[in-house]
Amino acid sequence: MCVPKWRRKILNPGYDVKSESPITLFSFQDIITCLTGIMIVVILVIILQILQASAATMAEAVSEEHMATAKAEAAKLEADREKLQEELRVLNESAAVDPGKLEEAIGIESKYNRVLQARAAELERRIADLRSELDRQQKTRQIACEAASNAAEDEQRSIEATENNISGMKREASDIKTEISKKRRTVAFAFPGSIQKTPIIVECNERSFRVSVYKSGDIRAFGDDKTLIDQSTAQLLQWLDGYDFNKFFLVILIKEGAMSMINDLETKIRAAHPEAQMSRELILDDEECFE
């Protein structure tokens, strides 16, 4: 600790002022130099942190197509930072022996600070331009997507309407085909007027019969697919007992499944009604005798 000469004289009356060596400020200058260097380092670290944080925030909004440019700028800034740190290290090493270079170091720091700020501002302008371009492209794409979606919806509605028309036409064609097929499968009867007797039409299936007096509209069924043929035949013969075969005659229509029993049927009818006249016709299984 340095004590002023006048105070030393007061505190120690026998002290000789002339024997004291002159006071120097080198120690104070060293302290100021070190403090200045520390402040420079702290300022540089803060600036670098701010730049890194800004670059990280802005990089999230930059599209992938411009990311290479931002990385190149960041690499350049990193190189400048390393160069500045190297120069600062050299200046700190030389400041211990040559305090006169302190002003030069401060000037270099100010210069690089201005350079970094200018580049940071340029990066911000570029990022803003990129954001504007990205927003414009997104709006353009959104408009195009909406137009395409509307066109697709119109096309889908048109396709659905066409499909509905086709379905209706198919149903109509199917109904027409069904009606035509039904008419084709229906057996048409025509009897000459010279015949004085009324026909009784008998449709013979494998195990059942359907009968109707010509033009009466009344259709009777005897038996079904589960009934024994003998039972169906007995029911038919019992029904025929109610008709006078001097006024009626039988038209027997034989389907393919009934071929094996037709002779037995005719034998039983002639045994019950010897006067009965009969004629037979073969028809297909899918043909209808009665509408």
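When only modelled atom types and interatomic distance are considered, Q235 and Q231 share no side-chain donor-acceptor pair under 3.5 Å. Checking T227 against D224 by side-chain atom types alone, a donor-acceptor pair falls below 3.5 Å.
From Q238, atom CD reaches atom OG1 of T233 across 12.5 Å, with rounding to the nearest 0.5 Å. Once rounded to the nearest 0.5 Å, the distance linking OG of S54 with CD of Q49 reads 11.5 Å. Here the CD1-OG1 distance, from I262 to T267, works out to 9.5 Å after rounding to the nearest 0.5 Å. E275 CD to R270 CZ: the interatomic distance, rounded to the nearest 0.5 Å, is 11.0 Å. Of the inter-residue distances, the one linking I283 atom CD1 with I252 atom CD1 reads 12.0 Å to the nearest 0.5 angstrom. For the atom pair CD1 (I159) and CD (Q156), the distance works out to 5.5 Å, reported to the nearest 0.5 Å.
Within 6.0 Å of atom CG in N165, more than 12 heavy atoms from other residues, nucleotides or ligands are found, so the atom counts as buried in its surroundings. The environment of CD in Q85 is crowded: more than 12 heavy-atom neighbours from other residues, nucleotides or ligands sit within 6.0 Å. Annotation for E281: atom CD does not count as buried by contact number, only 12 or fewer foreign heavy atoms lying within 6.0 Å.
Residues I46 and L77 do not share a hydrophobic cluster, defined by chaining ILVMFWY side chains whose heavy atoms lie under 4.5 Å apart. Residues M39 and I32 do not share a hydrophobic cluster, defined by chaining ILVMFWY side chains whose heavy atoms lie under 4.5 Å apart. Both L265 and L282 belong to a single network of hydrophobic side chains, linked directly or stepwise wherever heavy atoms of I, L, V, M, F, W or Y lie under 4.5 Å apart. Note: the hydrophobic cluster containing I50 does not contain I40 (ILVMFWY, side chain heavy atoms under 4.5 Å, direct or indirect links).
Y243 places a side-chain heavy atom less than 4.5 Å from the side chain of V213. Using a 4.5 Å heavy-atom cutoff, the side chains of S132 and R136 are not in contact. Considering only heavy atoms from C-beta on, F248 stays 4.5 Å or farther from P199 through its side chain. Within the 4.5 Å cutoff, the side chain of Q138 has heavy atoms near those of the D135 side chain.
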E86 vs E82, side-chain contact (heavy atoms from CB on, under 4.5 Å): CA-CA, chis, key distance, verdict: CA-CA 6 Å; E86 181 63 23; E82 292 177 356; over 6 Å; no
Determine whether K247 and T198 satisfy the following criterion, side-chain contact (heavy atoms from CB on, under 4.5 Å), listing intermediate values before the conclusion. CA-CA 6 Å; K247 297 180 180 180; T198 303; over 6 Å; no
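Considering all non-hydrogen atoms of both residues, N205 and K255 come closest at OD1-CD, 3.2 Å. The shortest heavy-atom contact between G217 and S212 is N-OG, 4.5 Å. Closest approach of L240 to F245, counting heavy atoms only: O-CE1, 3.7 Å. Minimum heavy-atom separation, M261 to E206: CG-O, 4.5 Å.
Checking each of L48, I47, V42, V41 against V45 for a side chain to side chain contact (heavy atoms under 4.5 Å, CB included) leaves exactly one that passes, namely V41.
Ion pairing of D264 with K268 is present here, as a side-chain N (NZ or NE/NH1/NH2) and a carboxylate O approach within less than 4.0 Å. Ion pairing between a basic and an acidic side chain is recognised when a charged N comes within 4.0 Å of a carboxylate O; E122 and R119 show no such pairing.
Of the possible donor and acceptor atoms, one in the side chain of S232 sits under 3.5 Å from a partner among the backbone N and O of R207. S149 contributes no side-chain N or O that, together with a main-chain N or O of C145, makes up a donor-acceptor pair within less than 3.5 Å.
Between W239 and F222, the angle of the ring planes lies from 30° to 60°, which puts this pair in the tilted group.
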